[in-house]
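Inspection log for the structure reproduced underneath, given as structure tokens.
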Amino acid sequence: MKLLCHKKKERMTTIFQLLPLTRSSRGIPARNRLIQTKGKSCRPTLPPPFLEPSLDEPVTYFEWDQVLSYIGKRQGSWRTPHLEELICDRTSPFKTLWQNGSSQGKIKWACDAVDFYDELLLLEKSADVQDRTALSSLKDKMTQSFKAMGIELLRESFWNPEIQRAISVEKILPPGSSPVISEQGISGIRMDNRLIRKQEVILQTSR
């Protein structure tokens with residue numbers, strides 16, 4: 001009887017070892033993420049459906065799962081050279097957020113995710129024509145997931161020092177002119193109604 005129980009216990013251990021991990025070793029929840037292995041395509045790793053998160057455990061956001069699912073469906077369809085590898089590489093480290101956990105962990109995740117969003121803005125300009133539509137859809141899904149997470153993108157074309165900071169100022173406009181944004185840099189972030197970082201811009205002002 002003891003031997004039978006012992007074998008059953010070993011079998012259960014083996015089964016759970018095969019299940020995808022739902023939290024990282026640093027205490028920040030592991031996002032349903034894309035796993036890239038050499039010679040294999042990357043695809044979303046979903047958590048076991050029977051694991052119900054408590055208030056102290058990481059939770060997933062349905063909207064971000066949709067982002068990963070969309071990326072997974074696009075596997076092998078990107079036409080722009082190295083675009084697929086870049087997307088897999090940039091999204092694989094993204095992790096889930098705590099429901100009632102570390103605010104610093106959420107801030108770090110938000111900054112990394114928004115940085116990736118900004119990269120997509122640049123890639124869209126030089127991507128293959130057929131990829132541009134897919135990149136636009138990916139950006140829309142990311143924006144929706146940010147909104148669900150309480151993350152607001154700050155990307156304005158009019159100068160507002162409350163949410164923007166000028167990383168360069170060009171004094172080339174006629175005297176008395178209002179400041180004009182000539183170029184937008186990284187997006188600003190407001191999270192849970194709190195300003196996390198300002199949008200970076202290049203500003204033109206009067207001489």
Side-chain angles (χ1 to χ4, degrees), residues 28 31 61-64 66-68 70-71 74 78-98 101-207:
I28 301 175
R31 167 57 59 185
Y61 286 81
F62 175 70
E63 288 79 6
W64 187 251
Q66 287 185 319
V67 172
L68 295 181
Y70 181 80
I71 293 174
R74 288 288 305 175
W78 300 103
R79 300 171 62 89
T80 305
H82 309 299
L83 179 57
E84 184 168 320
E85 293 85 349
L86 173 63
I87 291 177
C88 286
D89 179 68
R90 292 291 285 114
T91 54
S92 60
F94 293 161
K95 307 182 185 303
T96 55
L97 311 175
W98 288 96
S102 169
S103 59
Q104 290 300 317
K106 185 175 181 179
I107 291 174
K108 176 65 166 59
W109 189 97
C111 290
D112 289 345
V114 173
D115 285 345
F116 174 57
Y117 177 90
D118 289 341
E119 286 184 69
L120 294 181
L121 293 176
L122 296 175
L123 288 170
E124 191 176 10
K125 297 178 181 179
S126 58
D128 183 274
V129 176
Q130 295 185 14
D131 285 342
R132 293 176 188 173
T133 300
L135 287 172
S136 179
S137 297
L138 177 56
K139 290 189 306 174
D140 290 342
K141 292 182 184 299
M142 290 183 68
T143 303
Q144 294 170 9
S145 70
F146 292 154
K147 185 177 180 180
M149 297 176 187
I151 300 170
E152 179 186 357
L153 285 175
L154 302 177
R155 196 167 186 84
E156 303 292 338
S157 56
F158 296 98
W159 173 240
N160 182 353
E162 293 186 0
I163 61 172
Q164 296 168 324
R165 73 183 189 92
I167 58 175
S168 177
V169 178
E170 303 169 341
K171 297 183 177 182
I172 60 176
L173 300 180
S177 300
S178 299
V180 175
I181 294 176
S182 61
E183 188 175 340
Q184 299 185 43
I186 64 172
S187 298
I189 302 173
R190 183 184 287 121
M191 189 173 70
D192 300 329
N193 297 318
R194 183 163 63 97
L195 183 64
I196 300 303
R197 78 179 186 194
K198 292 186 174 184
Q199 176 190 4
E200 293 184 353
V201 299
I202 294 179
L203 197 64
Q204 293 180 349
T205 63
S206 57
R207 294 187 289 269

Atom of L121, atom of K139 and distance for their closest heavy-atom approach: CD2-NZ, 3.4 Å
Spacing of E124 atom CD and D131 atom CG [to the nearest 0.5 Å]: 10.5 Å
R74 and L138: CA distance, side-chain angles, deciding distance, side-chain contact (heavy atoms from CB on, under 4.5 Å) verdict: CA-CA 10 Å; R74 288 288 305 175; L138 177 56; over 6 Å; no
Closest approach of C111 to I196 (non-hydrogen atoms, all atoms of both residues): SG-CG2, 4.4 Å
Single hit among E200, K198, Q199 for side-chain contact (heavy atoms from CB on, under 4.5 Å) with I186: E200
Residue pair F116, I87: steps toward the side-chain contact (heavy atoms from CB on, under 4.5 Å) verdict: CA-CA 9 Å; F116 174 57; I87 291 177; 4.2 Å; yes
Lys/Arg-Asp/Glu bridge criterion (N-O < 4.0 Å) met for R90, D115: no
Within-4.5 Å side-chain heavy-atom neighbours: L135 and T80: no
Nearest non-hydrogen partners of S206 and G176, listed with the distance: CB-N, 3.7 Å
Gap between atom CZ of R132 and atom OG of S126 - 0.5 Å precision: 8.0 Å
Non-hydrogen atoms of G185 and R155 that approach each other most closely: O-NH1, 2.9 Å
Side-chain (D192) to main-chain (R194) donor-acceptor, under 3.5 angstrom: no
Closest non-hydrogen atom pair between M149 and K106, with its separation: O-NZ, 3.0 Å
Spacing of D128 atom CG and L123 atom CG [to the nearest 0.5 Å]: 12.5 Å
I202 backbone acceptor or donor facing S182 side chain under 3.5 Å: yes
Flag, side chain of S136 to backbone of T133, donor-acceptor distance under 3.5 Å: no
Side-chain heavy-atom pair I167, V201 within 4.5 angstrom cut-off: no
Distance in Å, Q204 CD paired with S168 OG, rounded so as to fall on 0.5 Å steps: 9.5 Å
Parallel, tilted or perpendicular, as decided by the 30° and 60° cut-offs, for the rings of W64 and W109: perpendicular
Candidates V114, L154, I163 - the one meeting side-chain contact (heavy atoms from CB on, under 4.5 Å) with R197: V114
Atom pair CZ (F146) and OG (S187), whose distance is rounded to the nearest 0.5 Å: 9.0 Å
OG1 on T91 to CG on D112, rounded to 0.5 Å: 12.0 Å
Shortest non-hydrogen contact from Y70 toward S137: OH-CB, 3.5 Å
